[in-house]
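Predicted model only: the values in this text are computed from it and were never measured. A note on names: the letters A, B, ... follow the listed sequences, proteins ahead of strands, and every chain is numbered from 1.
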2 protein chains.
Amino acid sequence: MILVMIYLFLQNFQNYKRGMSKCEQCIIKQFNSLKSLTKEELVRISSCKTSKVIKKGEVIFEEGDTLNGVYCVKDGVCKLSKLSENGKDQIVKMVVKGQLLGQRSLISDESSNLQAVALNDMEVCFIPKSEIIADLQKNPKFSFDVLQDMANDLKEADDIIVNMAQKSVKQRLAEALIYINDSFGVNPDGTLSVLLSREDYASIVGTATESAIRVLSQFKKEGLITTVGKFIKIEDLNGLRRVE
Amino acid sequence: MILVMIYLFLQNFQNYKRGMSKCEQCIIKQFNSLKSLTKEELVRISSCKTSKVIKKGEVIFEEGDTLNGVYCVKDGVCKLSKLSENGKDQIVKMVVKGQLLGQRSLISDESSNLQAVALNDMEVCFIPKSEIIADLQKNPKFSFDVLQDMANDLKEADDIIVNMAQKSVKQRLAEALIYINDSFGVNPDGTLSVLLSREDYASIVGTATESAIRVLSQFKKEGLITTVGKFIKIEDLNGLRRVE
DNA sequence: AATAAAATATGATATTAGTCATGATTTATT
DNA sequence: AATAAATCATGACTAATATCATATTTTATT
């Protein structure tokens with residue numbers, strides 16, 4: 001009981017500290033478009049941003065939600081997914097530390113077309129819409145940077161379309177493992193640091209959960225990966241690259 | 001022989017006229033981001049643009065090409081596709097009259113990730129990179145407009161990913177027919193005005209040409225469409241919408 | 001008009017992936 | 001620690017789609 005209280009206090013204290021931290025000094029902004037803002041703009045944004053801790057599994061926003069700002073991801077990873085008419089969720093993109101979340105809806109001034117769910121504990125800063133929009137319309141360097149970011153997302157989306165249309169489940173799953181390995185890294189023991197359920201793998205790849213499980217089992221038999229519970233360790237990266 | 005000469009002369013004359021036409025007065029710009037440029041910017045762009053007629057089947061640019069500008073499509077339709085590792089082309093997007101072509105590569109300052117091929121005779125204006133980039137960096141209204149355009153492309157791409165991953169070939173082909181009907185319209189006799197080969201349909205849907213043909217035959221049997229040669233006429237739009 | 005080439009069509013068969021059932025583990029809850 | 005719930009795993013079967021073969025039709029070329 002006492003321990004729980006201490007724990008809650010510490011968490012709140014950390015939040016408090018985070019709420020106080022300044023965008024101007026934040027290292028994270030180096031990785032996204034916010035780096036193109038001027039010192040003054042950052043100070044202004046800093047004063048109206050709110051910091052949040054989001055727990056694993058928590059929904060950040062739902063499909064159809066109106067987003068009143070963007071999230072700057074300070075730590076953790078989340079998935080962006082869309083519910084298909086057949087009732088299955090399709091993961092469209094994963095967003096990591098350093099990236100912005102929710103830009104698209106903000107720019108289109110539409111409700112979100114995607115749902116965002118935390119894949120591990122996250123720290124994010126929420127920046128209200130009005131601030132960002134104002135900067136987009138005043139600071140051409142910033143808006144060009146956001147534009148480049150979006151152009152990159154679009155290119156990645158094109159690649160995913162081609163993969164979905166032309167590659168087998170086995171190939172797509174192999175590529176998903178490589179992508180997760182390369183983008184999010186591994187734990188000290190070599191297992192993939194982002195822990196996904198088999199269902200998540202299925203909805204990245206666009207297949208039935210059973211099929212994803214089966215293919216992972218096959219990869220295991222072939223020595224391409226090993227598993228410890230839900231943890232997956234890539235044993236033969238080049239082997240995965242050669243999967244057909 | 002004489003007829004050929006007259007024909008060539010007329011075509012050149014038309015080209016000449018087109019080269020002379022002014023962006024400021026062009027109706028087409030209303031449909032894309034160019035509408036956000038000032039009168040002065042449009043005059044400047046007008047003076048350095050070149051008009052081109054592109055014949056059906058002609059390649060506008062290849063995957064890997066360096067684009068030195070964007071195309072404003074004055075008439076006609078083209079397909080944007082990407083070659084998959086399995087040797088098949090996947091159509092990622094179709095671009096019609098009124099839209100811009102090649103923005104993404106220009107903004108990322110990368111070579112094109114896609115190939116563009118005319119699906120019917122086209123008229124385009126080519127605007128050199130330097131002009132557009134200058135305006136993007138000076139005119140925030142313009143760059144915000146391009147940003148909105150790109151955000152919309154990204155949303156569409158997300159939808160395609162979900163469809164590819166979760167829907168059957170039959171459903172995807174039905175949706176492709178509806179899309180082509182709604183976006184590009186029909187001829188006086190009711191047939192789809194954009195004439196695609198069965199192979200094109202296959203590479204929109206992401207399936208084998210034979211499968212596309214088979215599904216079209218099935219739609220025909222079910223009375224959803226009729227065909228006259230390669231021409232397709234939608235007979236039951238709601239039926240197509242209900243395809244499972 | 002005759003021929004060649006390309007595109008469309010369809011059958012037979014193989015492969016891939018989905019579905020349903022059931023059991024084994026793992027994880028959460030009481 | 002015991003129970004329930006969720007997740008993972010695998011088998012058996014079915015459905016969807018790809019591949020290969022081969023006509024048939026349409027379009028282009030001589």
Side-chain angles (χ1 to χ4, degrees), chain A residues 4 55-58 84-90 117 119-120 163-177 191-192 195-222 225-233 243-244, chain B residues 4 55-57 84-90 117 119-120 163-174 176-177 191-192 195-222 225-233 243-244:
Chain A
V4 169
K55 290 210 200 80
K56 179 175 172 169
E58 215 175 295
S84 176
E85 287 162 34
N86 65 4
K88 286 186 188 166
D89 247 338
Q90 177 64 34
V117 176
L119 289 171
N120 44 38
N163 285 345
M164 286 294 173
Q166 305 284 354
K167 292 187 179 172
S168 67
V169 168
K170 221 185 295 178
Q171 282 177 304
R172 280 180 272 152
L173 187 43
E175 287 184 19
L177 291 170
T191 56
L192 297 178
L195 190 56
L196 297 174
S197 66
R198 302 298 193 247
E199 197 183 354
D200 281 330
Y201 279 107
S203 77
I204 290 172
V205 163
T207 191
T209 306
E210 297 94 319
S211 298
I213 291 173
R214 246 182 269 271
V215 173
L216 286 174
S217 300
Q218 196 191 335
F219 286 170
K220 210 156 81 176
K221 272 183 203 140
E222 293 169 354
I225 61 171
T226 49
T227 62
V228 190
K230 348 175 37 155
F231 287 93
I232 294 177
K233 183 176 175 183
V243 164
E244 298 218 352
Chain B
V4 170
K55 289 209 202 79
K56 179 177 172 170
S84 175
E85 288 161 33
N86 66 4
K88 286 186 188 165
D89 247 338
Q90 177 64 34
V117 175
L119 288 172
N120 44 36
N163 285 346
M164 287 292 172
Q166 305 284 354
K167 292 186 179 170
S168 68
V169 168
K170 222 184 294 179
Q171 282 177 304
R172 279 180 272 150
L173 189 43
L177 290 170
T191 57
L192 297 178
L195 190 56
L196 297 173
S197 66
R198 303 299 193 249
E199 197 182 355
D200 281 329
Y201 280 107
S203 77
I204 290 173
V205 163
T207 190
T209 305
E210 296 94 319
S211 297
I213 291 173
R214 245 181 269 270
V215 173
L216 286 174
S217 301
Q218 197 191 334
F219 286 170
K220 211 157 78 175
K221 273 183 204 141
E222 293 170 353
I225 62 170
T226 48
T227 62
V228 190
K230 8 185 2 170
F231 287 92
I232 294 177
K233 182 176 175 183
V243 163
E244 297 217 355

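- Which of D:dT10, C:dA9, C:dG11 sits closest to the side chain of B:Ser217 comes down to C:dA9.
- Contacts of A:Ser168 with the nucleic acid, taken as non-hydrogen atoms under 4.0 Å apart, involve only primed sugar atoms and P, OP1 or OP2.
- Across the protein-nucleic acid pair, A:Phe231 atom CZ and C:dT25 atom C1' stand 16 Å apart, rounded to whole Å.
- Here C:dG18 presents its C1' atom at 14 Å from CD of B:Gln171, a figure rounded to the nearest Å.
- Of the N and O atoms on the side chains of A:Lys167 and B:Ser84, not one donor lies less than 3.5 Å from an acceptor on the other residue.
- Position along DNA chain C of the nearest nucleotide to A:Lys230 versus A:Ala212 favours A:Ala212 as the more 5'-ward residue.
- In this structure, CG on A:Asp200 lies 7.5 Å from NZ on A:Lys230, to the nearest 0.5 angstrom.
- Without hydrogens or angle criteria, B:Asp89 side chain to B:Ser203 main chain gives no donor-acceptor distance under 3.5 Å.
- When the P atom of C:dC20 is taken as reference, atom CD1 of A:Ile213 falls 16 Å away, rounded to whole Å.
- One can place NZ of A:Lys221 at 10 Å from C1' of D:dA9, the figure rounded to the nearest angstrom.
- Applying the 3.5 Å distance criterion, the base of C:dG18 shares no donor-acceptor pair with the side chain of A:Arg214.
- Computed from coordinates, the A:Gln218 CD to C:dA17 C1' distance equals 12 Å when rounded to whole Å.
- Distance A:Leu195 CG to D:dC8 C1': 13 Å, rounded to the nearest Å.
- Note: OH (B:Tyr201) to C1' (C:dA7) measures 14 Å, nearest angstrom.
- Counting any heavy atom pair closer than 4.0 Å across all strands shown, B:Lys88 reaches sugar-phosphate atoms only and no base atom.
- Comparing C:dT19, D:dT19, C:dT8 by their closest approach to the side chain of B:Glu210 singles out D:dT19.
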- Task: Walk me through it: do A:Tyr201 and A:Ile232 pass the test side-chain contact (heavy atoms from CB on, under 4.5 Å)?
- Result: CA-CA 11 Å; A:Tyr201 279 107; A:Ile232 294 177; 3.7 Å; yes
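- Remark: B:Thr209 is not in phosphate contact with C:dA7, judged by side-chain N or O atoms under 4.0 Å from OP1 or OP2.
- Donor-acceptor pairing under 3.5 Å, judged by distance alone, is absent between the side chain of A:Arg172 and the base of C:dT16.
- Within 6.0 Å of atom CD in B:Glu85, 12 or fewer heavy atoms from other residues, nucleotides or ligands are found, so the atom counts as exposed in its surroundings.
- With the nearest nucleotide of DNA chain C identified for both A:Gly229 and B:Ser211, B:Ser211 has the one nearer the 5' end.
- Between B:Glu199 atom CD and D:dT19 atom P the separation is 13 Å, expressed in whole Å.
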